[in-house]
Amino acid sequence: MPAVSGVLGRLSELMREVAADRGGALWRLAAEGRQLDSNVIRLPAEARVDVHVEPDLDVLLYVADGSGWLDVADTRQELEPGCVAWLPHGARRALSAGADGLVYLTVHRRRPGLAIRTAAGGAAVREAAPEGGEPACLLHRVCTECGRLAQERDARYCARCGTRLPTD
């Protein structure tokens, strides 16, 4: 059954409804059977998503509110409302929010889920599963309080401020 298409929400209303100091994912595309993932993210004032590499997926980023900087390919670029950035897979990248914070929309192909099975000889092998799996972006590792990106894949708490990290 195909997903229902149409208007999913209004960003201006979403930003009014959510406390200005709240960071993290404000909205996520959750339609069943989708081929894309999309998120609206707010980084609080002066917060940062540390340098990381997305090895498999290109990401399109649209700045909706606030200001900040995008560090990619050893270049720092200023971000302001209306900026659109393409982050190719394999590129080292980081985001920093300015004094008013930063709200942005990301869009990328949905990453297929991963399943673990045992191959001949007992070795664990990861293979694609039809749904679920690891998210394409690192939102589940970004602290909603201070904006720090957890370096450990299985981190449950922020190493900087101790806040519980979001769950998938």
**Prompt:** Roughly how far apart are D71 CG and R76 CZ, rounded to 0.5 Å?
**Reply:** 4.0 Å
**Approximate separation, where rounding is to 0.5 Å, of R109 CZ and L57 CG** = 4.5 Å
With heavy-atom distances below 4.5 Å as the criterion, would you say the side chains of [X] and [Y] are in contact?
X	Y	value
R34	R110	yes
L102	I41	no
V103	V40	yes
C83	E78	no
L105	N39	no
L43	L95	yes

Distance-only donor-acceptor hits, side chain of residues 58-67, under 3.5 Å, sequence neighbours excluded:
from, atom 1, to, atom 2, distance (Å)
D58, OD1, H89, N, 2.8
D58, OD1, H89, ND1, 2.8
D58, OD2, W86, NE1, 3.2

**Message:** Any side-chain to backbone donor/acceptor pair from S38 onto T106? Under 3.5 Å, distance only.
**Reply:** yes
**Message:** Under 4.0 Å between a side-chain nitrogen and a carboxylate oxygen: does that hold for D50 and R93?
**Reply:** no
**Prompt:** Would you say W69 and V51 are hydrophobically clustered, going by side-chain heavy atoms of ILVMFWY under 4.5 Å?
**Reply:** no
**Message:** Which heavy atom of A97 sits nearest to which heavy atom of P44, and what is that distance?
**Reply:** CB-O, 3.3 Å
